[in-house]
Amino acid sequence: MIITSVADDQHPLDPLTSQDTALLASGTQIRVGAFPSMSDDALLDAAATGGLAEISTALVSFGPVTAIGDGVDGAPGTFEVAVTEDTSDPSSTLIGEEISLLINPDGGAEFLIARFAGKTFQGDTDTALPSLTSLHLAEARIIVGNRYGENRFSTSTSPPSGSFATWISGFPSITDPSLRLATADADGDGRPNFLEYATAGDPTSGADFPICQLTSDELGDCWVRFSKTPGIGTILYQVVTNEDLGSSWMPLEGSATPDPDPPTSGPDWMRIRVPAPLSEKGFFQLKLLDTSAP
């Protein structure tokens with residue numbers, strides 16, 4: 001099995017970073033394997049409650065531990081590895097399970113979990129030749145970690161919230177089952193529960209902070225700032241823009257980065273620069289995409 005994060009024309013993936021945007025150093029551990037019988041939600045819950053220790057225990061490894069820098073002359077933030085293991089035993093717990101990665105900076109508490117949709121471990125063929133699988137990290141869905149647009153991933157500490165279902169159960173004052181749905185607005189503030197979950201809001205309070213703001217810096221540059229719940233990699237955050245509300249919403253060019261001057265503690269505050277020259281008018285919206293699988 002060959003797995004790479006090296007960018008190419010079809011996979012314009014940025015080098016991997018830690019939560020503070022530093023490139024992952026050579027030696028950062030990469031473990032290939034599977035999480036048998038665990039859904040994406042179950043992985044999020046395990047990460048939130050038990051952190052890296054529980055996740056490491058749940059992973060059934062395939063092949064030896066590899067590392068950032070392998071196959072790319074030690075370059076930080078990237079890797080290209082080949083791993084193999086005998087899977088001729090039909091009782092192997094790996095057979096039929098989704099191929100996954102666990103990336104963990106050496107000695108650190110941060111980690112990233114990625115899964116390759118539709119890519120499963122197969123038993124060795126009758127010819128005794130091992131099957132060859134080639135995967136690119138850009139094609140994986142991130143379960144735990146931070147996503148900054150389509151092409152930037154980072155490790156993160158354990159997420160403060162697990163799955164949406166577990167998160168909403170932490171608000172027992174919401175007693176009506178219909179108000180506990182992801183699309184419901186339990187506190188009537190105009191923000192659906194899933195938006196509250198994704199942006200570190202409170203579904204029982206209509207007085208939450210603004211989750212998307214227009215700001216400027218000392219140089220006069222204009223930025224769109226938004227909040228996100230740290231560590232939940234299944235949610236893709238995208239700022240879209242529209243000049244007159246009469247045309248299609250288009251993604252704002254560029255990548256979001258951590259805000260150096262966050263207005264509140266708790267959530268991760270991100271910002272993305274509005275490209276110059278500025279239009280006379282414009283509208284911005286925070287768009288969320290749930291990429292998790294059942």
Side-chain angles (χ1 to χ4, degrees), residues 7-17 19-23 77 138-139 141-142 145-154 156 182-185 187-203 205-291:
D8 58 33
D9 290 342
Q10 286 74 42
H11 308 99
L13 187 67
D14 291 349
L16 299 171
T17 71
Q19 193 160 275
D20 63 3
T21 72
L23 291 177
E139 298 171 345
R141 66 183 188 279
I142 305 303
N146 291 315
R147 297 188 61 164
Y148 308 130
E150 293 278 3
N151 303 317
R152 293 185 60 220
F153 307 150
S154 84
S156 73
T183 54
D185 180 8
D187 54 12
D189 63 356
R191 304 178 191 176
N193 292 337
F194 189 81
L195 181 60
E196 304 263 22
Y197 164 69
T199 57
D202 182 344
S205 171
D208 281 337
F209 49 79
I211 59 173
C212 195
Q213 307 167 13
L214 198 61
T215 66
S216 60
D217 60 21
E218 64 278 2
L219 299 177
D221 289 335
C222 184
W223 300 79
V224 177
R225 174 167 63 195
F226 63 91
S227 64
K228 66 182 289 292
T229 301
I232 300 180
T234 55
I235 301 175
L236 176 62
Y237 300 77
Q238 187 178 58
V239 176
V240 294
T241 182
N242 191 312
E243 288 191 2
D244 55 15
L245 297 181
S247 54
S248 300
W249 290 89
M250 300 297 294
L252 197 60
E253 294 180 8
S255 297
T257 56
D259 193 326
D261 187 26
T264 66
S265 59
D268 278 351
W269 283 96
M270 308 298 296
R271 68 175 189 171
I272 183 169
R273 191 171 69 87
V274 180
L278 300 180
S279 302
E280 292 185 0
K281 61 180 179 178
F283 301 87
F284 302 94
Q285 186 180 80
L286 178 62
K287 182 179 178 181
L288 306 179
L289 175 64
D290 182 8
T291 65

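Put simply, CH2 on W249 and NZ on K287 are 11.0 Å apart, with the number rounded to the nearest 0.5 Å. A distance of 4.0 Å separates CD1 in I211 from CG in L195, rounded to the nearest 0.5 Å. The OG atom of S255 sits 6.5 Å away from the CD1 atom of I272 when rounded to the nearest 0.5 Å. Between the CG atom in L252 and the CD atom in Q285 there is a gap of 12.5 Å [rounded to 0.5 Å]. Rounding to the nearest 0.5 Å gives a distance of 11.0 Å between CG of N146 and CD1 of I235. Rounding to the nearest 0.5 Å gives a distance of 12.5 Å between OH of Y237 and SG of C212.
Between F209 and P263 there is no side-chain heavy-atom pair separated by less than 4.5 Å. Contact check for F153 versus L13: side-chain heavy atoms found under the 4.5 Å cut-off. L23 places a side-chain heavy atom less than 4.5 Å from the side chain of P15.
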_For Q238 and V240: C-alpha separation, side-chain torsions, deciding distance, then whether side chain to side chain contact (heavy atoms under 4.5 Å, CB included) applies._
CA-CA 6 Å; Q238 187 178 58; V240 294; 3.9 Å; yes
*For side chain to side chain contact (heavy atoms under 4.5 Å, CB included), just list the numbers for N242 and S247, CA-CA rounded to whole Å, side-chain angles, deciding distance to a tenth of an Å, and then say yes or no.*
CA-CA 7 Å; N242 191 312; S247 54; 3.4 Å; yes
*Show your reasoning for whether side chain to side chain contact (heavy atoms under 4.5 Å, CB included) applies to V274 and V224.*
CA-CA 7 Å; V274 180; V224 177; 3.9 Å; yes
_Test side chain to side chain contact (heavy atoms under 4.5 Å, CB included) on T257 and T21; report intermediate values, then the result._
CA-CA 8 Å; T257 56; T21 72; 5.8 Å; no
*Give the intermediate values and the outcome of ring-ring contact (aromatic ring centres under 6.0 Å, His included) for residues F284 and W223.*
CA-CA 11 Å; F284 302 94; W223 300 79; over 10 Å; no
*Run the side chain to side chain donor-acceptor pair (under 3.5 Å) check on S154 and Q19 step by step: do they pass?*
CA-CA 6 Å; S154 84; Q19 193 160 275; 5.8 Å; no
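Nearest heavy-atom pair, A182 versus P192, reported as atom, atom and distance to 0.1 Å: O-CB, 3.8 Å. Nearest heavy-atom pair, P267 versus P230, reported as atom, atom and distance to 0.1 Å: CA-CD, 4.4 Å. In terms of heavy atoms, T291 sits closest to R141 at O-CD, 3.5 Å. Considering all non-hydrogen atoms of both residues, W269 and Q213 come closest at CH2-NE2, 3.5 Å. Minimum interatomic distance between G201 and P203 (heavy atoms only, all atoms of both residues): O-CD, 4.0 Å.
A donor-acceptor distance shorter than 3.5 angstrom exists from the side chain of T229 to the backbone of A200, with no hydrogens or angles considered. Of the possible polar contacts, none joining the S216 side chain to the D221 backbone as a donor-acceptor pair under 3.5 Å is found. R152 places a side-chain N or O within donor-acceptor distance of the main-chain N or O of A256, the cut-off being under 3.5 Å. Counting only distance, with no hydrogens or angles, the side chain of D259 and the backbone of M270 share no donor-acceptor pair below 3.5 Å.
For E139, the CD atom counts as densely surrounded, since its 6.0 Å shell holds more than 12 non-hydrogen atoms of other residues, nucleotides or ligands.
Residue pairs satisfying the side-chain hydrogen bond (donor to acceptor under 3.5 Å, both in side chains) criterion with at least one member in residues 187-201, sequence neighbours excluded, are absent.
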